[in-house]
Peer 1: 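Can you keep this structure in mind? I'll have questions shortly.
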Amino acid sequence: MKLLILILLLVVCPTVQAQQIGLIANTDGRKTVSLNGQWQTIIDPYESGYYNYRYQPSDNGYFKNAKPKSKTDLIEYDFDSSATLNVPGDWNTQSDQLFFYEGTVWYKKSFDYPRKPDTRLFVYFGAANYFADVYLNGEKIGQHEGGFTPFNFEITKLVRDTGNFLVVKVDNKRRLDAVPTLMTDWWNYGGLTREVKLIETPATFVHDYLIQLQKGSRQRVSGWVKLAGEKLNQRVTVRIPEAGISKTVNTDDRGFAEVDFNADLKLWSPESPKIYEVIIEAETDQVRDQIGFRSIETKGTDILLNGRPIFLHGVCIHEEAPLRGGRAYSREDARTLLGWAKELGANFVRLAHYPHNEFMIREADRMGILVWSEIPVYWTIQWENAATFENARNQLGEMIARDKNRAAVVIWSVANETPLSDARLTFLKNLISHARSLDTTRLMSAAMERHYINDTTQMIDDPLGEYLDVLGCNEYVGWYDGLPEKADRLEWRSKYQKPLVMSEFGGDALYGHHGDAGARWTEEYQESIYQHQIAMLKKIPFLRGTSPWILTDFRSPRRPLPNIQDYWNRKGLISNRGEKKKAFYVLQQWYKQL
Ligand code: GCU
């Protein structure tokens, strides 16, 4: 009876076939084949490539990439004569037709891959916004929810030497129970927004590892390595040639081994972002990575980097491509955005409100910029929905899995501006403990709200603060809350003996729009906000960081004001054409002094 059910399951929903392994850490040091470039696409607002007219999933959908075999054959789609879209890239900025489009687009890529014996093959996606159903040669190989974290599927058994077709159904429709939920203040760029590649590994390979300094230590490296495959008991050597380190361990029956050793390493910091080549060598595989070593902790209201107090003078960044708009995805995009942050005098960036692409993190590592990385638990999420929690927890796990070896990342944030309730607190507490179970070395935070206890006193006493290492707080004194001068009269208090990062403040200005400092939307008004904000911030005794909103103007469907916003949030210090506004120089001057 059980066998009959299993066979039925395999026929009805082929998704359960290949047991998929978790995220492959560090794809950089591996043999890969890029699948970037032009993909054939079908825009499918009614999802007729997935459902039949009874709205039942069809097992003869577009994922079959069917072709008429005779003149009588009825096939009502054809990828190969359909329009193409660039991958990586959002669809919204590639075609005017798709600018506001939220729905399903089917992507198809054909490729040949003569596979060598004793190797395995995976298809890796940097991200797909929002829900991806993935098929190879007509078979479902997996699905992924969440638009900003990577995922991979094994295709070893399904791939053929020639004539493979990879089909991905990408659906960016917003849902109440999703993460993020229906309402956000950023453009819902859809598509295969980051790189897609094939990864070839030996039959047993180095699947994942954590090589970082132990919490609070500046000499002790502590971590683990994990193999995947048949031959799990192996000798694995971790080497840092430049530091004369070579540490050999034996993996157990699960392919797992802890790694622990003392090392006299040059520590990574914004002033000197020292990166070491680290080699993890097993008997059947070898992977190389570029890793920096630094310690990050808090002590009372101080944040300590390598044991010394540090002030995080930063800025928020959305993953909006500089100058061309649309979802940023490349190393060049990252270098431009982080280059502007450096020019501002920043040693820190808050990557809002979702994990950005890996180039951003690797460039921050290389350039010496500390990173706050966040999952899109944004505004009013369905706190009591178990599936919503599982989704958020999964995105958190994937964010940490990808970036846990990056020295630049010092803060994991689990939420932004979420309304107080018991259900919300439980939801976020559970996320925080999940993050701490995956990574003991970094600081936990969230961007919280504050309230007035009287006309001139702001209080930070959100119960969530209890569970955080660093308090994040968003305030818009001078924009949503009064006029710029109001900041002069304000005092800040906190219920917690913890460091505060003012994670958002600022206001809108259209570049080149000038007038008196009292006129909204002018550069002078924004400049005035920053002048009064900085004076107020300097007076907050437990302030240890700032990340004003925001480095560049970014697209938002919530900002329609003609000739001013035109669907851009104009709170950037730099316009969407790369022009610096007056407020940029006000902040730069302060940061240069710090
Ligand atoms: C909020 C929010 C941002 C938003 C900003 C704004 O605080 O966190 O995502 O864009 O305010 O209103 O401009």
Side-chain angles (χ1 to χ4, degrees), residues 129 147-148 174 178-189 314-320 325 327-328 337 349-356 372-381 392 411 413-420 424 428 445-451 458 460 462 464 468 470-484 487 500-511 520-521 523 525-526 529-530 533 537 545-561 564-576 581 583-584 587:
N129 191 48
F148 304 100
R174 287 168 293 121
V179 179
T181 182
L182 285 173
M183 182 63 82
T184 71
D185 191 29
W186 67 80
W187 207 268
N188 183 23
Y189 290 122
V315 68
C316 289
I317 301 181
H318 251 306
E319 197 181 38
E320 185 90 42
R327 208 30 98 214
L337 292 168
V349 289
R350 174 183 175 215
L351 301 182
H353 293 288
Y354 38 76
H356 287 211
W372 160 312
S373 187
E374 182 165 294
I375 53 170
V377 174
Y378 180 91
W379 290 346
T380 312
I381 292 277
I411 296 176
S413 167
V414 292
N416 179 74
E417 291 185 358
T418 48
L420 306 194
R424 167 256 193 189
L428 297 179
S445 191
M448 302 180 289
E449 295 178 297
R450 73 279 142 3
H451 62 100
Q458 303 250 28
I460 300 172
D462 181 328
L464 181 63
L468 303 176
V470 172
L471 309 172
C473 184
N474 296 357
E475 52 90 5
Y476 281 92
V477 176
W479 186 255
Y480 298 125
D481 173 8
L483 300 175
L500 168 67
V501 169
M502 202 62 90
S503 41
E504 286 184 35
F505 58 92
D508 289 62
L510 176 65
Y511 175 78
R520 283 184 185 266
W521 310 111
E523 287 195 43
Y525 189 102
Q526 188 190 46
I529 288 178
Y530 275 79
Q533 278 282 335
L537 293 164
T546 50
S547 54
W549 193 257
I550 184 163
L551 181 68
T552 68
D553 292 354
F554 62 94
R555 276 211 177 85
S556 167
R558 301 177 67 247
R559 312 292 173 173
L561 184 62
I564 295 275
Q565 294 177 316
D566 295 318
Y567 293 111
W568 290 90
N569 182 310
R570 297 288 184 195
K571 292 191 180 67
L573 292 162
I574 300 175
S575 76
N576 52 299
K581 303 175 191 177
F584 178 96
L587 188 65

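Numbering of ligands and ligand atoms starts at 1, following listing order. Values below: all heavy atoms of this structure, side chains included; hydrogens, waters and symmetry mates excluded.
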Peer 1: Once salt bridge (charged side-chain N to carboxylate O under 4.0 Å, His left out) is applied, do any residues pair with Arg520, and if so which ones, sequence neighbours excluded?
Peer 2: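 With sequence neighbours excluded, Arg520 shows a salt bridge (charged side-chain N to carboxylate O under 4.0 Å, His left out) to no residue whatsoever.
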Peer 1: Mind jotting down which protein residues get a heavy-atom contact under 4.0 Å with ligand 1? Chain and number order, please.
Peer 2: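 Shell around ligand 1 (4.0 Å, heavy atoms): Asp185, His353, Tyr378, Asn416, Glu417, Asn474, Tyr476, Tyr480, Glu504, Trp549, Phe554, Arg559, Asn569, Lys571.
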Peer 1: Kindly indicate whether the side chain of Asp508, heavy atoms from C-beta on, has any atom under 4.5 Å from the side chain of Asn569.
Peer 2: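 SC-SC contact between Asp508 and Asn569 confirmed.
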Peer 1: Among Phe554, Tyr378, Trp379, whose ring-ring contact (aromatic ring centres under 6.0 Å, His included) with His353 holds?
Peer 2: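 Among Phe554, Tyr378, Trp379, the one that satisfies the ring-ring contact (aromatic ring centres under 6.0 Å, His included) with His353 is Tyr378.
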Peer 1: So do the side chains of Ser445 and Val501 get within less than 4.5 Å of each other, counting heavy atoms only?
Peer 2: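 Not in contact.
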Peer 1: Any side-chain heavy-atom pair from Tyr476 and Lys571 closer than 4.5 angstrom?
Peer 2: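 Contact flag for Tyr476/Lys571 side chains = yes.
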Peer 1: How far apart are the C-alpha atoms of Asp553 and Ser575, what are their side-chain angles, what is the distance that settles it, and do they pass the side-chain hydrogen bond (donor to acceptor under 3.5 Å, both in side chains) test?
Peer 2: CA-CA 5 Å; Asp553 292 354; Ser575 76; 5.4 Å; no
